[in-house]
Amino acid sequence: NPIAKVSKTTTYTVDVYKGQCKNDTTVVVNVNNLPEITSIEPVSEEEKGNMVVTIVKEVGDTYSYSLDGDNYAELPIDNIIKDLPIGWSLLYIKNDTTTCVNSKEFYIAPIEIKPDKFFSPNGDGNNDKWEVEHLNSYDSYIVEIFDRHSKRLFIQRVGSFNIGGTNTVDGDEFEGWNGEYNGKPMPSDDYWYLITVEDIRKQYTGHFTLKR
């Protein structure tokens, strides 16, 4: 019961004896290499949900990828995989020709949101709304705006944000605050925001200035 452990394709000549009788045969043990994942890096700092995978490809072979090890999709020609979840993930790469699979762990850092420090809703087309850069990179969040007396002037829920036990959806994305409350312009002053991003379980607070 011979056992051969090899790291590369090897040809063996096997002799088989029964008493004084002998027979021999040639056995080729084929070894298929695992896909070699060299690196998994962000395409750019502004696109942290998109990663480029560098792998060593065998000529003529095709490759697939998976995040759960079960459901595979064709690896794009440019090797850029999009809309990946924030945090730690395990990426599986399969050589479709040999069915060999390798995996590598990678991390996508949360992209920092950048609330405006001021805005001037005077209708000139510049800074007419208070906006939050990168906020719409996330699927679920809530934006609240308060005056200096803690009166809430604005609230918007996006995605499946859960509040009071009820899933609420209020618009597809935050398009900014126009500086009004109940249809009336608010005066020049400082205002406070509370932004809760469900995707990363994080809250942002701060203030900004409305200038008229």
Side-chain angles (χ1 to χ4, degrees), residues 40-53 67-68 73 76 78-91 105-212:
I40 305 174
E41 302 292 341
V43 177
S44 71
E45 287 301 312
E46 300 300 322
E47 298 180 273
K48 290 189 176 179
N50 302 337
M51 305 290 279
V52 57
V53 182
L67 293 179
D68 59 13
D78 58 8
N79 285 8
I80 296 177
I81 302 175
K82 299 182 178 181
D83 301 324
L84 293 168
I86 292 168
W88 286 102
S89 295
L90 193 61
L91 179 67
E105 197 173 38
F106 66 97
Y107 179 76
I108 296 182
I111 187 169
E112 288 296 322
I113 66 172
K114 297 179 180 179
D116 286 345
K117 295 184 180 300
F118 73 93
F119 76 119
S120 53
N122 53 19
D124 64 355
N126 294 318
N127 301 316
D128 281 336
K129 289 185 176 182
W130 179 76
E131 299 177 334
V132 182
E133 188 177 2
H134 301 317
L135 181 57
N136 289 317
S137 298
Y138 296 100
D139 294 325
S140 298
Y141 55 83
I142 183 169
V143 179
E144 299 173 86
I145 298 174
F146 305 85
D147 66 12
R148 63 173 56 253
H149 304 294
S150 300
K151 180 179 179 179
R152 188 167 65 190
L153 308 175
F154 176 89
I155 179 171
Q156 182 176 2
R157 303 183 184 98
V158 171
S160 59
F161 194 91
N162 187 289
I163 186 170
T166 303
N167 288 324
T168 60
V169 177
D170 183 10
D172 295 330
E173 61 181 28
F174 177 64
E175 297 181 352
W177 181 50
N178 62 5
E180 296 182 358
Y181 174 64
N182 287 339
K184 296 181 180 179
M186 298 302 296
S188 297
D189 204 344
D190 283 350
Y191 294 86
W192 277 255
Y193 62 82
L194 172 61
I195 301 172
T196 305
V197 183
E198 184 183 25
D199 303 47
I200 56 176
R201 304 290 182 178
K202 187 173 182 179
Q203 286 190 321
Y204 298 83
T205 60
H207 63 89
F208 59 93
T209 300
L210 187 160
K211 298 180 179 179
R212 294 194 182 276

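As a basis for the values below, the full set of heavy atoms in this structure was taken, side chains included, without hydrogen atoms, waters or symmetry mates. All of these numbers come straight from a predicted model, not from anything done at the bench.
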With no hydrogens and no angle check, is any side-chain donor or acceptor of N127 less than 3.5 Å from a backbone partner on S120?
no
F118, CZ atom: more than 12 neighbouring heavy atoms under 6.0 Å:
no
Quick check for you: to the nearest 0.5 Å, what is the distance between N178 atom CG and F119 atom CZ?
7.5 Å
Could you point out which residue of I108, L91, I40 forms a side-chain contact (heavy atoms from CB on, under 4.5 Å) with L84?
I108
Do L67 and P85 make a side-chain contact, defined as non-hydrogen atoms from C-beta onward lying under 4.5 Å apart?
yes
Please report the shortest heavy-atom distance between A109 and I86, naming the atom on each side.
C-CG2, 4.3 Å
Where the side chain of Y138 meets the backbone of I113, is there a donor-acceptor pair that is under 3.5 Å apart?
no
Which heavy-atom pair separates K129 from D116 by the least distance, and what is that distance?
O-OD2, 3.8 Å
Could you check if a side-chain atom of L153 sits within less than 4.5 angstrom of a side-chain atom of M186, using non-hydrogen atoms only?
yes
Taking C-beta and beyond as the side chain, do Y193 and P115 meet within less than 4.5 Å on heavy atoms?
yes
Measuring only between side-chain heavy atoms, which start at C-beta, is K117 closer than 4.5 Å to T209?
no
Side chain to side chain contact (heavy atoms under 4.5 Å, CB included) between I195 and I142: does it pass, once the steps are laid out?
CA-CA 6 Å; I195 301 172; I142 183 169; over 6 Å; no
At what distance, to the nearest 0.5 angstrom, does NE2 of H134 lie from CD1 of I111?
4.5 Å
Quick check: does any side chain N or O of E144 sit under 3.5 Å from a backbone N or O of T196, one acting as donor and the other as acceptor?
no
The reported gap from CD1 in I145 to CZ in F154 (rounded to nearest 0.5 angstrom) is 5.5 Å
State whether the side chain of D83 and the backbone N or O of G49 hold a donor-acceptor pair below 3.5 Å, judged by distance alone.
no
Atom OG of S150 and atom CG of L194: how far apart are they, to the nearest 0.5 Å?
11.5 Å
At their closest point, which heavy atom of H207 faces which heavy atom of D190, and how far apart are they?
ND1-OD2, 4.3 Å
Side-chain donor/acceptor of N50 to backbone N/O of V43, under 3.5 Å:
no
Among residues two or more places apart or on two chains, list those pairs meeting salt bridge (Lys or Arg N to Asp or Glu O under 4.0 Å) that have a residue in residues 202-212.
E112-K202
W130 vs F174 aromatic rings, parallel, tilted or perpendicular, using cut-offs 30° and 60°?
perpendicular
Any side-chain heavy atom of D189 sitting closer than 4.5 Å to one from L210?
no
Identify the two heavy atoms, one from D124 and one from N126, that lie closest to each other, and give their separation to 0.1 Å.
OD1-N, 2.9 Å
If you round to the nearest 0.5 Å, how far is NZ of K114 from CD of E131?
14.5 Å
Return yes if a side-chain donor-acceptor contact under 3.5 Å exists between Y181 and D147, otherwise no.
no
Could you check whether atom CD of E175 has more than 12 heavy atoms from other residues, nucleotides or ligands sitting under 6.0 Å from it?
no
Evaluate ring pair (Phe, Tyr, Trp, His ring centres under 6.0 Å) for W192 paired with F146, printing each intermediate quantity in order.
CA-CA 5 Å; W192 277 255; F146 305 85; 9.5 Å; no
Decide yes or no for V143 and V132: does some side-chain heavy atom of the first lie under 4.5 Å from some side-chain heavy atom of the second?
no
Could you label the plane-to-plane angle of the Y191 and W177 rings as parallel, tilted or perpendicular, counting under 30° as parallel and over 60° as perpendicular?
perpendicular
Is any side-chain heavy atom of Y141 closer than 4.5 Å to a side-chain heavy atom of L135?
yes
Could you give the distance from CD (E180) to CG (N182), rounded to the nearest 0.5 Å?
10.0 Å
Do the side chain of D199 and the main chain of S140 share a donor and acceptor less than 3.5 angstrom apart?
yes
